[in-house]
Amino acid sequence: MSDSQGDGAPVKVQVSDETGVEEEPVVEYQGCAGCNPSTRLHKYIFLAIICFLSFGNYFVYDNPAALQDQFKKDMKITTSQFMLMYSVYSWPNVFLCFVGGFLMDKVLGLRLGAALFALFVLLGQCVVALGASFDHYPIILLGRVLFGLGGENLSVAQSTYAVSWFKGSELNMVFGLQLSFSRVGSTVNMKILQPLYDSFGHGDTGFKILGLVLWVGAAICLFSFLCAVLAGYLDKRAARLLGRDAGQVGEEVRLSDVKNFPYSFWLISIICVAYYVTIFPFIGLALTMYQQKYSFTAANASTINSLVYVFSAFASPVLGYMVDKFGRNLLWCLVSVCLTLLSHVLLTFTFWNPYIPIVIMGLAYSMLACALWPMVAYIIPESQLGTAYGFMQALQNLGLAVISMVAGMIVDGKGYMWCELFFCTWLCIALMATVLLYLDDKTNNGPLNLSAEDRAALEEAEKQASESTPLLADKLGASPEPSKLAPASNDQLRRRLMSRLGVAVPPSFTPRRRALSGQTVLH
């Protein structure tokens, strides 16, 4: 029987089985489509809200890059001190990448965790704006540390919400939209902060004007925080009406697993660190270089500095599809490293229009993200993937923290040409590690450079083996050894890494909820 509780109110339906025992009541929502969490319209409203969760994070991350000259002039700091603002953001995430998922699963819960991490982002930006307003550089650094405590893990929450609410082919679109909104945040930051500074100052300069501009970023972070609160409310409401549990990150990190990782994993980690330290620190420093070397205006320099992010938003889905279609992940990585090295060489030794090397860099950056990170799942057992990616993220953040400071010191002491040579050196290290990884994979008949057809055949064979193993174990009265279980497929892995990469997954993949892991590396 059912009892109506008025228009739009939930209706509880009591269901009895054949024995007459009443089961738990099922709540049926009778309201409008926009308020009904089971309808597509309500899901899209929720999607619009969670897309803005990390918008503020991505907008304020590169506030220093958009106002490089203003920070150095108004705060009277050197380039190395300027880059320290990026470095202190990365230091907390050397450790948080191991515990962020655990905190949201076991301690805070997804809803409270998302709101708390969004609050850290907001508080961090407010402290940065206060530091600039009162001409106090150490306060700015403190704000960037607080910002770092929330920024990475907020992306974990965003992706976990997506997997909780969307299934099947819809999830591809959801992750693509999240990526696009994040990249829009980075691009808008590069485009508007310089004009805002000029507008607020009316031709004047000074730390108070810088602080006023940074409060605009705080206002955007406030909007993202309110979105986090609203998303938590809607998710709790949907859980009550639909009778489902809150989403979980689902990662398990065991540091004891590290000693068992193969040689190829460490080579992949070297490629990861050596490559990404030539992208993010470069973007942080490049604005002034464009103005000094190419005589660009501040507006043109800001535009070109945002192109890597713009190309990532549009090229990642296409390149992800191509990597999936053709396989050969190692070959894609090799091409990406070579193209990025070419772009830095052109910026170092030529006066070609910088749009050419930056377009190359944007495409190569997207290519590597699509090809590099999935390779870990081909060589690490699924039960150890949380540890593997956590450790890889820790190394990446450690590299970014250290190299950002070193790059700033090089610019102060030697200039931008020597800094570019420094980046080229790291890309040569990445290239050597890629070649060594190729030789190791070739020698051991590894899975890293298989074609898509060969990999599909291998995964099918592993699937059949995993299905037959329990049957054999039942006959023998024993359970299969965990080490004999089939590793994660490319399909599983791509879901697990989506938020961590900021790469849109091509439509050919079938999402599986348990395949998401969390953190993002793309800013």
Side-chain angles (χ1 to χ4, degrees), residues 59-93 121 123-149 151 186 189-190 192-198 200-201 203-218 221 277 279-293 296 298 301-302 305 397 399-420 422-423 523:
F59 180 88
V60 300
Y61 173 79
D62 270 322
N63 277 179
L67 296 169
Q68 182 180 353
D69 289 338
Q70 287 75 20
F71 264 100
K72 291 167 66 176
K73 180 180 178 181
D74 296 344
M75 302 303 299
K76 301 177 179 62
I77 58 176
T78 63
T79 305
S80 58
Q81 290 175 308
F82 170 82
M83 290 303 292
L84 189 58
M85 289 188 286
Y86 284 99
S87 182
V88 296
Y89 171 90
S90 296
W91 282 116
N93 294 295
V121 171
L123 291 177
Q125 182 64 14
C126 288
V127 172
V128 169
L130 280 173
S133 299
F134 291 98
D135 194 18
H136 206 290
Y137 172 71
I139 298 297
I140 292 179
L141 294 182
L142 175 62
R144 293 289 287 187
V145 172
L146 291 174
F147 173 38
L149 290 173
S186 300
N189 161 70
M190 293 290 186
I192 73 169
L193 284 199
Q194 178 72 48
L196 280 177
Y197 183 92
D198 295 337
F200 290 165
D204 295 330
T205 60
F207 60 86
K208 292 185 178 179
I209 298 171
L210 178 64
L212 188 60
V213 174
L214 294 176
W215 280 112
V216 174
C221 290
V277 297
I279 301 294
F280 300 133
F282 168 77
I283 293 174
L285 286 167
L287 192 73
T288 302
M289 184 193 73
Y290 296 133
Q291 294 173 283
Q292 291 181 358
K293 182 174 180 178
F296 276 17
S302 296
N305 210 28
N397 279 290
L400 289 172
V402 174
I403 297 305
S404 294
M405 291 189 297
V406 174
M409 289 187 288
I410 292 174
V411 171
D412 281 336
K414 297 290 185 178
Y416 282 99
M417 180 175 180
W418 283 96
C419 186
E420 277 296 298
F422 178 65
F423 291 144
H523 306 288

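Remark: Lys414 pairs with Ile410, Trp418 by the side chain to side chain contact (heavy atoms under 4.5 Å, CB included) rule, at least two apart or across chains. Among residues two or more places apart in sequence or in another chain, the side chain to side chain contact (heavy atoms under 4.5 Å, CB included) test is passed with Ala301 by Leu287, Tyr290, Gln291, Phe296. For Phe59, there are no ring pair (Phe, Tyr, Trp, His ring centres under 6.0 Å) partners at least two apart in sequence or on another chain. In this structure Val402 satisfies the side chain to side chain contact (heavy atoms under 4.5 Å, CB included) test together with Trp91, Leu398, Val406, sequence neighbours excluded. Checked against ring pair (Phe, Tyr, Trp, His ring centres under 6.0 Å), Phe82 has no partners two or more places apart in sequence or in another chain. Here Lys72 pairs with Thr79 under the side chain to side chain donor-acceptor pair (under 3.5 Å) rule; sequence neighbours left out. Evaluation of the side chain to side chain contact (heavy atoms under 4.5 Å, CB included) rule for Leu149 yields Pro92, Leu96, Phe120, Leu146 as partners, not counting sequence neighbours. Listed by chain and residue number, Thr288, Tyr416 satisfy the side chain to side chain donor-acceptor pair (under 3.5 Å) test with Gln68 (two or more places apart in sequence, or in another chain). A search for side chain to side chain donor-acceptor pair (under 3.5 Å) contacts involving Asn63 returns Gln125, Asn189, not counting sequence neighbours. Among residues two or more places apart in sequence or in another chain, the ring pair (Phe, Tyr, Trp, His ring centres under 6.0 Å) test is passed with Phe71 by none.
Annotation: side chain to side chain donor-acceptor pair (under 3.5 Å) contacts involving residues 131-141, sequence neighbours excluded, comprise Ser133-Trp215. Evaluation of the side chain to side chain donor-acceptor pair (under 3.5 Å) test over residues 139-148, restricted to residues two or more places apart or in two chains, returns none.
Nearest heavy atoms, Ala132 versus Leu214: CB-CD1, 3.6 Å. When all heavy atoms are compared, the tightest approach of Asn305 to Ala286 is OD1-CB, 3.4 Å. Nearest approach of Ile192 to Pro195, heavy atoms of both residues: O-CD, 3.2 Å. Residues Leu285 and Ala407 approach most closely at CD1-CB, 3.8 Å, considering heavy atoms. Closest heavy-atom contact between Ala401 and Ser87: O-OG, 2.5 Å. Heavy-atom minimum distance, Cys126 versus Ala218: SG-CB, 4.0 Å.
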Ring pair (Phe, Tyr, Trp, His ring centres under 6.0 Å) between Phe134 and Phe207, intermediate numbers included: CA-CA 7 Å; Phe134 291 98; Phe207 60 86; 8.5 Å; no
Using side chain to side chain contact (heavy atoms under 4.5 Å, CB included), reason through Asp69 and Tyr197 one step at a time and then give a plain yes or no. CA-CA 11 Å; Asp69 289 338; Tyr197 183 92; over 6 Å; no
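Within the 4.5 Å cutoff, side-chain heavy atoms of Phe423 are placed close to those of Phe282. In this structure, the side chains of Tyr86 and Pro64 come closer than 4.5 Å at one or more pairs of heavy atoms. Contact annotation: the side chain of Ile403 approaches that of Phe422 to within less than 4.5 Å [non-hydrogen atoms, C-beta and beyond]. Considering only heavy atoms from C-beta on, Lys208 stays 4.5 Å or farther from Leu212 through its side chain.
Under the side chain to side chain contact (heavy atoms under 4.5 Å, CB included) test applied with Leu210, the options Ile140, Leu67, Leu193 reduce to a single match, Leu67.
Taken from CG in Asp62 to CE in Met85, the straight-line distance is 11.0 Å, to the nearest 0.5 Å.
Between Tyr61 and Phe147, the angle of the ring planes lies from 30° to 60°, which puts this pair in the tilted group.
A donor-acceptor pair under 3.5 Å is absent between the side-chain atoms of Glu420 and the main chain of Met417, judged by distance alone.
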